[in-house]
Each structure stands twice: as structure tokens, then as C-alpha cells.
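Here is the structure we will look at, set down as C-alpha cells.
Source: prediction; values computed, not measured. If you read the sequence from its start, that first residue is 1, and numbering goes on from there.
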Amino acid sequence: MQKLKPNVKKILLIVGSIVLGIGLCVSIAFNIYFGVCYIKGETYLQSTEEIYIMEAGILRNNLQFHDGTDYELQYNFTHENYAVLKSKYKLESTAKDGTEFEKALRLMDEYAPRLTHDSYYDNHIPMNASDLLAYSLNNKKHGINCRAKAQILNEMCLSLGIYSRKVWIMPYSDYDNDCHVVNEVWDGTLNKWVMLDITNNEYWVDENNTPLSVLEIRSKAALNEFCTPVEVGDKTNNLQKLKNKNIGDFLYIVKNMVYMRYCTDYTVGESQDKYMLLPQNMPTEFKLLISIDSVERSPIK
């Protein structure tokens, strides 16, 4: 057999190394692409089912709440600012007729796309709908956070005589600085609270397409019962398909369903004192703990 010249042998070694390197890169890329789950632009090392099992387990282990104080949350429908808010933004025309949930849903759908989201917004604008709308409505450079958006929707609903409240939904970990703020409205036809998420322009339903409250979502997630976020405009004829589509929002909300915070009063602006609905398994020295009955019952006297 003829021996290869040193230069030829060197060239073959280089070519072989290049081919081996390319093959290794392709293999790594394949495993990265197909071995992780892609959700709305983010990748996870675990599957969505594994993430949900972890989140549901945390909720299941914290199902029961501290007794808390039986406190009657206050809802103000007579603030002088409401008339200006209704007139300037033609809220009655936007809300139209229907149930409280249907009216609030139309308000949310109108304003959610017109309020840019900014998680790092520093809350420097006074926490009331008029000032926040003047700063942020239709202005992509002036993004605001979920807390501010929920304040806008809350005052709009109250101005129309709809019982509405802003609710902080909170994560389990002390190291997780990210929470979320949503709204709940009391619907007289359904005879219960219904959650609205103006940041994502979504509400949640069960397997029968019935809109759900914060605590109903929490319970169903903990017990592995069906529920799903619905973005306004989504077709609801295939709810499982819809859940798969919105799985990123599903996991984010469930992560933040461990405990809740409520203002003492709902009006123009945000009350300084806030009550907490806290699981029994979470020790605390916080004094303002509220009972589950206080936040589940009808606000109508």
C-alpha cells in the first residue's frame, strides 16, 4: 500500500476534524431544538406538563387558607372623577348593554391593546385612571405595568356601577419578585366573581366555558381540573386546543396563584392598606389577613 505524503495526511486530518465538528454541532442543535419546550418566545428545559405538575403541587399543598378577619371590602360608585372618566372616554358606549361581565369584557378588549406593557415601569404616575390614561393611552413610549392597567379597568367598571376590584396574585417563592395584578368583577347573572386580565386581554373558563374567579382558577389548577385562559376573540369550540395555544399564559398565572392581596377600598386611586389571603402552611407576622368568605361572597347588600 502506498504511503500518504505528510502534507496529504495533514489535510485529511483537518478535513476529518471539520466534518466531525459539524456533525457534533448538528447533533447538539437537534437536541436543543427538540429537547426543550418553546412557549411564546421562551425555552424551558422541562416540558409544559412537568412545569404544571410542579406548580399544581405547590398549590395542592397550600389549598387551605388562614382564618383571617371577616372584612367587608368597600366599593365606591360615587366619586366625582367618574363622570369625567365616563364622558371623556365614552365608556357607556363602549361597554354597551349586557351582564356586568360582558360590559367589563368590552372595556378590557377596547383598552388592553392600547396600553403598552412595561414590566419595569416605576409607578411614577399617580395611581388613578385619569392620570394613567393621559400618560399611556396610545403611547408606545409610555408603557405601564399590570398594576396600573388593572387600576384603569377597575375605575372604569366602578364608574358604570359594576362591582370591581384589583387583586394581586402572588408566587410561592421568596426569591420570585415577579407577581401579577388582575381584576375581578361581580356578575349578577352568574352570581359570582369573574377574573379579567387586562394585561393579556384574557379571562378564564372551565370545561363548560363558564368564566372563573381567581379562587376558582386556583382550586382547579391545584386539583388538576380543566381550566384555560381565553384571549378575547379566541374561538371556544375546542377548549383543549385553546389551552395548548395559551399554555404560556396558563403556566404564568398558575405560578402566581399561591396567595392574594386585596385593597381595603376600591375607588379612584389605590388604598394604602391591603389585606392578604394567605395559605395556612405559610407562616406570617402580617396582621391584615382576610377570610376566604370575605372575598368569595356577594358584595351586594
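Judged by distance alone, the side chains of Asn201 and Asp109 do bring a donor and an acceptor atom under 3.5 Å apart. Looking at Ser271 and Asp265, their side chains never bring a donor and an acceptor atom within 3.5 Å of each other. Side-chain contact annotation: Asn154 with Ser164, donor-acceptor N/O pair under 3.5 Å present. Asn200 and Asp197 share a side-chain donor-acceptor pair at under 3.5 Å. For the residue pair Thr116 / Asp118, no side-chain donor-acceptor distance below 3.5 Å is found, with atom types taken as modelled.
Annotation: cation-pi geometry satisfied between Lys243 and Phe250 (NZ/CZ under 6.0 angstrom from ring centroid, within 45° of ring axis). Annotation: cation-pi pair Arg297/Trp193 absent, no NZ/CZ under 6.0 Å from the ring centroid and within 45° of its normal. Cation-pi geometry between Lys141 and Tyr121 is not met: the NZ or CZ atom fails to fall both under 6.0 Å from the ring centre and inside 45° of the normal.
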Go through the steps to decide whether Trp204 and Val230 satisfy the test side-chain contact (heavy atoms from CB on, under 4.5 Å), and finish with yes or no. CA-CA 6 Å; Trp204 285 57; Val230 178; over 6 Å; no

side-chain contact (heavy atoms from CB on, under 4.5 Å) between Lys149 and Met108, intermediate numbers included: CA-CA 10 Å; Lys149 292 182 183 182; Met108 181 175 76; over 6 Å; no

Stepwise salt bridge (Lys or Arg N to Asp or Glu O under 4.0 Å) test for Lys245 and Asp234: CA-CA 10 Å; Lys245 167 183 172 287; Asp234 279 340; 3.1 Å; yes

Could you go through the side-chain contact (heavy atoms from CB on, under 4.5 Å) check for Leu239 and Val205 one step at a time? CA-CA 9 Å; Leu239 292 176; Val205 300; 4.0 Å; yes

Show the numbers, then the answer: is there a side-chain contact (heavy atoms from CB on, under 4.5 Å) between Lys255 and Asp176? CA-CA 10 Å; Lys255 185 268 290 187; Asp176 187 350; 2.9 Å; yes

In sequence, state the C-alpha distance, the side-chain angles, and the governing distance for Lys301 and Glu72, and then conclude on salt bridge (Lys or Arg N to Asp or Glu O under 4.0 Å). CA-CA 10 Å; Lys301 299 177 182 178; Glu72 191 171 301; 3.1 Å; yes

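By the rule that hydrophobic residues join a cluster once side-chain heavy atoms approach within less than 4.5 Å of another member, Ile144 and Val182 end up as members of separate clusters. Residues Trp168 and Leu288 share a single hydrophobic cluster, defined by chaining ILVMFWY side chains whose heavy atoms lie under 4.5 Å apart. Linking ILVMFWY side-chain heavy atoms closer than 4.5 Å, directly or via other members, places Tyr111 and Val84 in two distinct hydrophobic clusters. Taking hydrophobic clusters as Ile, Leu, Val, Met, Phe, Trp and Tyr residues chained together by side-chain heavy-atom distances below 4.5 Å, Leu212 does not share a cluster with Leu196. When hydrophobic clusters are built by joining Ile, Leu, Val, Met, Phe, Trp and Tyr residues whose side-chain heavy atoms come closer than 4.5 Å, directly or via intermediates, Phe77 is not grouped with Met156.
Taking a cutoff of 4.0 Å between a charged side-chain nitrogen and a carboxylate oxygen, Glu184 and Arg165 qualify as a salt bridge. The pair Glu270-Lys274 meets the salt-bridge criterion, with a side-chain N (NZ, NE, NH1 or NH2) lying under 4.0 Å from an Asp/Glu carboxylate O. A salt bridge does not link Glu296 with Lys192: none of the charged nitrogens is closer than 4.0 Å to a carboxylate oxygen. Salt-bridge annotation for Lys103 and Asp97: absent, with no side-chain N of the basic residue lying under 4.0 Å from a carboxylate O of the acidic one. Using a 4.0 Å cut-off between a side-chain N of Lys or Arg and a carboxylate O of Asp or Glu, Glu110 and Arg114 qualify as a salt bridge.
Within the 4.5 Å cutoff, side-chain heavy atoms of Thr236 are placed close to those of Leu242. Within the 4.5 Å cutoff, side-chain heavy atoms of Cys146 are placed close to those of His180. Considering only heavy atoms from C-beta on, Gln151 comes within 4.5 Å of Leu132 through its side chain. Considering only heavy atoms from C-beta on, Tyr52 stays 4.5 Å or farther from Ile247 through its side chain. Between Glu207 and Gln240 the shortest side-chain heavy-atom distance does not fall below 4.5 Å. Using a 4.5 Å heavy-atom cutoff, the side chains of Leu153 and Asn183 are in contact. For the pair Met170 and Val258, the minimum side-chain heavy-atom distance is 4.5 Å or more. Under the 4.5 Å side-chain criterion, counting only non-hydrogen atoms from C-beta, Leu278 is in contact with Thr284.
Nearest heavy-atom pair, Leu215 versus Val295, reported as atom, atom and distance to 0.1 Å: CD1-CG2, 3.9 Å. Looking at every heavy atom in both residues, Leu63 comes nearest to Arg218 through O-NH1, 3.5 Å. The two residues Ala221 and Ala56 come nearest to each other via the heavy atoms O-CB, 3.4 Å. Taking both residues in full, the closest heavy atoms of Ala129 and Ile152 are given as CB-CA, 4.0 Å, listed atom of the first, atom of the second, then distance. Nearest heavy atoms, Leu158 versus Asn76: CB-O, 3.9 Å. Pairing each heavy atom of Ala150 with each of Val181, the nearest pair is CB-CG1, 3.8 Å.
Phe101 contributes atom CZ, which lies 11.0 Å from atom SG of Cys157 (distance to the nearest 0.5 angstrom). Considering CE of Met257 and CD1 of Ile217, their distance stands at 4.5 Å, rounded to 0.5 Å. Distance CD/Glu55 to CG/Asn256: 8.5 Å, rounded to 0.5 Å. Rounding to the nearest 0.5 Å places CD1 of Ile162 at 13.5 Å from OH of Tyr75. Note that OG1 of Thr199 and CG of Asn145 are 8.0 Å apart. Values are rounded to the nearest 0.5 Å. Taken from OG1 in Thr48 to CG in Asn244, the straight-line distance is 8.0 Å, to the nearest 0.5 Å.
In this structure Ser119 satisfies the side chain to side chain donor-acceptor pair (under 3.5 Å) test together with His117, sequence neighbours excluded.
For an aromatic pair to be called close, the ring centres must be under 6.0 Å apart, and His124 with Tyr135 satisfies this. Aromatic rings from Tyr266 and Tyr163 are positioned such that their centres are separated by 6.0 Å or more.
The residue from Tyr71, Tyr262, Tyr259, Phe65 that alone fulfils the ring-ring contact (aromatic ring centres under 6.0 Å, His included) condition with Tyr275 is Tyr71.
Open room surrounds OH on Tyr172; 12 or fewer heavy atoms of other groups in view lie less than 6.0 Å from it. Within a 6.0 Å sphere centred on CG of Asp67, other residues, nucleotides and ligands contribute 12 heavy atoms or fewer.
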